[in-house]
Amino acid sequence: MSISSVVKDIFTAVIRKIRAALTGIYHWLAHLVKALINLWHRLGPRWLRVLIVSVVVIGLGYQQLSRFLSPNLTQENIYSLHYLNDGWSQEERERFYYTPQGTELFGLEYQWFINLELPLSHNRLASEENMRGWGFVVDPGQRPSSGNPGNLPVGMGRHIDPASGKEILDIGCAACHTGELHYQGAALRIDGGQAVQSIPNAKQGEFITTLGASIIETLFNPNKWDRFATRLVGKDEAKREQLKQDLWQYAGKLKHFITTAGSPKFYPVEEGRGRTDAVGRIANIVFGYDLNAPENFRKADAPASYPFLWDIWRFDWVQYTGFTNQAMARNVGESLGVLAPLKLVDEDGNLLTGEEFGQSAVDIDGLHCAEGLLRKLEPPKWPEEILGTIDTSKATHGKQLFAENCQRCHGPHITDPYFWPVADQQDPNIKGQIGVNWKWDMDGEITRVEDKPFRKDERSKIWAVPWIDSESIGTDPKLVDNFIDNRYDASKLVPGSEPVSAGQGLQLLLNELVPLMYERWGIPTEDIADFDGLNVPFRIENIRAYKARPLHGVWATPPFLHNGSVPTIYDLLSPLRERPTNFYVGNREYNPSRLGYVTDKRSGSFHHDTAIDGNRNTGHLFTDLDMPGRIGRLLSEEEKFALLEYLKVMGNPDFDQALGGDPQNWAKYSQAPELALMQTSCEKSHTRHQITKPAQPHTFSVASTTQENN
């Protein structure tokens, strides 16, 4: 017998056995199915069997839906609260937390928000546990106050809509610019610091997604609707019907936004906790959404951390790329990006004229109030009793290392007040500016030098913040490249104009809008210099660079670099090969030895992958390798920890003597000018929005919230 015959016989035998096995399995399955069918018929009449199937399907569907709609919360246990910044009284802190700026979540009413329930739950959506879990700042055991009657997180205030008179939820400055560090049950409040909430993040389980799901279920679930309507308007049928119409209208606005300027396709790099592409979102909202020009929507794929705010009133140029200089223009632009309503075009997309143009809820007094308060805020002080005692010998060594390696960029570079050239009727343009409103320029305090008009900056000293080109610093260039390279059609604002950058477009708009707002809010001409930010005219720079800001209190502002791509300062001082490439953000537990958040994976955390453009952790490198982004020599472990020890107390007046004199001592810096106008603005804003009246009782008390959460 040949070998081929043997192989053929073996193959035939194997095939026969496989066929027999498959036939056996088939018959077994057939008998099993027949047995199951017989069992099914014996369960009872058809209606009972259908009922059983329906219950099983509904149960499984409900389980999956509950899992899908479950909020994505970080678990935190906080038992005490400690404020680390000096400069504010408790009343001033409350003012910063809850002074409105005129922003809206599409007109979401304040009472709606505090009475909405979580999807598939009776529990309040805006409870302390939920809001803290989404990264918002909430005091442990917080109680309602006159500024915060709904007992909401820091930064969630209310304003009275000027058109309808309704009380609207307002997202204030403090929502993004108040931070917290947690350590062994203690919450360390960082006023003016970096928040870790993620309001714009539309990912499953995040705040805005859960809010939308709650509204939809309230409209479709009769029981949830009945509870919601009864709490708000009682049993009055006419009011209940109007409430339902209003809620449907709101749901329509939400749907329209998430299919236009808020569509996830324009934000392909997840912003996650504590980040947003602010400039990209402002541009999409103003030039695409408000101007009704969908061709202007651009990918905003360069998320940046919320910057910390103490000392910014001293800076000559602000924002990560240092593209603007004036407080009011910066704050109005920010308000528009946080969805302050703005009327620019009619229903057909044509630019409005006359009284209709520029109508908005932006609160000029509220913005001036918050900006003035920030002039008083000092950097946070390291709490030795909680985070550990300072080794002054090591910190003194770190002071020397800082002077040798860091001060040349981070300064502060203190200079005399600037004389800003301004436009007038004879010369209505400024070199390098795409547009200037000469009347607004001349509304400031004017000084003439050789018969040329200038605004003399009213600060006694200014911190000149240097630009470092993106190639030299080597950090992720996506943010600055988008700012320089993205172009928007502004021809509706200026017919025939060439496409503009986001900064240039804001200049064209705000040059018209801010003076109009001053006029409508009745701001006297003699006060405009102070409202502008201490007599600073509005200017824009377009430089492919990042600014190097002073670092007082930087230890309290993790994660680091503009895009939050380096979790601790220790990692930032380390060579690139030693920096984490994947870590998690969202947990606020602090690591006092490395100066940053703990970065292990926990519930509610955002995964930061530095391999993604926009997330990269390159640049700002201390290394002996000749590579892009090298700014200094490789530091030893001893040197890194000495620098960390100094950064904990850099500039803190309490340690000046122990350090043998600290050139960064913030007590020796110039003080803010007179703040009387700021105080008046705060009072006017609070009176207008009825914030000064005693808190009214609301349906959800703290006691009932605690009971529900238990």
Side-chain angles (χ1 to χ4, degrees), residues 87-88 92 96 173 192 309-319 322-333 364-378 411-424 430 433 436-465 510-511 514-515 517-518 521-541 547 549-550 552 666-684:
W88 284 349
E92 288 170 328
F96 183 73
C173 302
L309 300 185
W310 51 83
D311 291 330
I312 63 164
W313 68 274
R314 306 176 189 273
F315 297 177
D316 54 355
W317 296 90
V318 296
Q319 304 289 16
F323 73 82
T324 192
N325 65 331
Q326 194 207 71
M328 184 55 73
R330 164 173 51 84
N331 289 332
V332 170
I364 293 296
D365 283 323
L367 293 178
H368 186 234
C369 169
E371 189 68 28
L373 287 167
L374 287 170
R375 297 178 200 165
K376 300 183 65 176
L377 185 66
E378 295 182 3
H413 306 286
I414 302 174
T415 185
D416 290 330
Y418 293 169
F419 283 80
W420 298 91
V422 295
D424 61 10
I430 293 290
Q433 301 298 302
V436 177
N437 184 332
W438 70 265
K439 293 181 180 179
W440 183 15
D441 267 15
M442 295 299 292
D443 276 341
E445 296 288 338
I446 301 300
T447 299
R448 291 196 172 270
V449 179
E450 298 180 355
D451 205 33
K452 296 288 186 181
F454 293 83
R455 282 199 191 190
K456 182 183 178 183
D457 201 305
E458 292 179 351
R459 294 169 285 190
S460 58
K461 292 292 181 181
I462 294 172
W463 289 3
V465 181
L510 297 180
N511 270 324
V514 174
M517 289 178 172
Y518 283 164
W521 283 78
I523 306 302
T525 301
E526 61 269 22
D527 293 346
I528 286 178
D530 195 88
F531 274 72
D532 280 351
L534 302 171
N535 207 34
V536 176
F538 174 38
R539 300 292 183 259
I540 291 289
E541 288 289 349
K547 77 175 194 295
R549 65 168 297 158
H552 301 81
W666 65 66
K668 297 180 180 179
Y669 295 140
S670 61
Q671 299 301 303
E674 175 59 42
L675 297 174
L677 273 178
M678 175 273 292
Q679 294 170 355
T680 301
S681 293
C682 293
E683 292 164 3
K684 287 170 64 178

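Panel note: side chain N331, backbone A327; a donor-acceptor pair is recorded below 3.5 Å. A donor-acceptor pair is defined here as one N or O able to donate and one able to accept, closer than 3.5 Å; no such pair exists between the side chain of E450 and the backbone of K452. Put simply, the side chain of K547 gets close to the backbone of Q319: a donor and an acceptor are under 3.5 Å apart. Checking side-chain atoms of D441 against main-chain N and O of V422 turns up no donor-acceptor pair under 3.5 Å. At distances below 3.5 Å, not a single donor-acceptor pair connects side-chain atoms of T324 with backbone N or O atoms of W317. Side chain of E378 to main chain of G87: no donor-acceptor pair is present (N/O by atom type, distance under 3.5 Å, no hydrogens or angles).
Between the NZ atom of K684 and the SG atom of C369 there is a distance of 11.5 Å, given to the nearest 0.5 Å. Considering CD1 of I528 and CG of D530, their distance stands at 11.0 Å, rounded to 0.5 Å. To the nearest 0.5 angstrom, S670 atom OG is 8.0 Å from K461 atom NZ. Annotation: the span from D457 atom CG to W420 atom CH2 amounts to 7.0 Å, rounded to 0.5 Å. Between atom CD of residue Q679 and atom CG of residue L373 there is a gap of 8.5 Å, rounded to the nearest 0.5 Å. Atom-to-atom distance recorded for E526:CD and E445:CD is 9.0 Å, nearest 0.5 angstrom.
Using a cutoff of 4.0 Å between basic side-chain nitrogens and carboxylate oxygens, D416 and K456 are not scored as salt-bridged.
For the pair W310 and W666, the minimum side-chain heavy-atom distance is 4.5 Å or more. L374 is listed as a side-chain neighbour of F96, based on a closest heavy-atom distance under 4.5 Å. Residues R539 and V436 have side chains in contact (heavy-atom distance under 4.5 Å, counting atoms from C-beta outward). Here the side chains of I312 and R330 are in contact, with some heavy-atom distance below 4.5 Å. Side-chain contact between I364 and V332: present, with at least one pair of heavy atoms (C-beta onward) separated by less than 4.5 Å. The shortest distance between side-chain heavy atoms of E541 and N325 does not fall below 4.5 Å. Side chains of D443 and P515 form no contact here, defined as non-hydrogen atoms less than 4.5 Å apart. At least one side-chain heavy atom of V536 sits less than 4.5 Å from a side-chain heavy atom of R459.
Remark: D316 pairs with no residue by the salt bridge (Lys or Arg N to Asp or Glu O under 4.0 Å) rule, at least two apart or across chains. Every residue two or more places apart in sequence or in another chain was checked for a ring-ring contact (aromatic ring centres under 6.0 Å, His included) with F315, and none qualifies. Under the salt bridge (Lys or Arg N to Asp or Glu O under 4.0 Å) criterion, D532 pairs with R455, not counting sequence neighbours. Taking C173 as the reference, nothing meets the disulfide bond (SG atoms under 2.5 Å apart) condition, with sequence neighbours excluded. Shown here are the side chain to side chain donor-acceptor pair (under 3.5 Å) partners of E458, two or more places apart in sequence or in another chain: there are none. Under the ring-ring contact (aromatic ring centres under 6.0 Å, His included) criterion, W313 pairs with no residue at all, not counting sequence neighbours.
The nearest pair of heavy atoms linking M678 to G372 is CG-CA, 3.3 Å. The minimum heavy-atom distance between G533 and R375, with the atom names listed, is CA-NH2, 4.4 Å. What you find for I462 and P417 is that their closest heavy atoms are CD1-CA, 3.6 Å.
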Next item on the list: Check the pair F531 / D365 against side-chain contact (heavy atoms from CB on, under 4.5 Å), numbers first and verdict last.
Entry: CA-CA 9 Å; F531 274 72; D365 283 323; 3.8 Å; yes

Checklist line | Verdict with supporting geometry, L510 and Q326, side-chain contact (heavy atoms from CB on, under 4.5 Å) | finding: CA-CA 11 Å; L510 297 180; Q326 194 207 71; over 6 Å; no

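Aromatic ring pairs are classed by plane angle as parallel below 30°, tilted from 30° to 60° and perpendicular above 60°; the pair F419 and F454 is perpendicular. Using cut-offs of 30° and 60° on the angle between ring planes, the pair Y669 and H552 is perpendicular.
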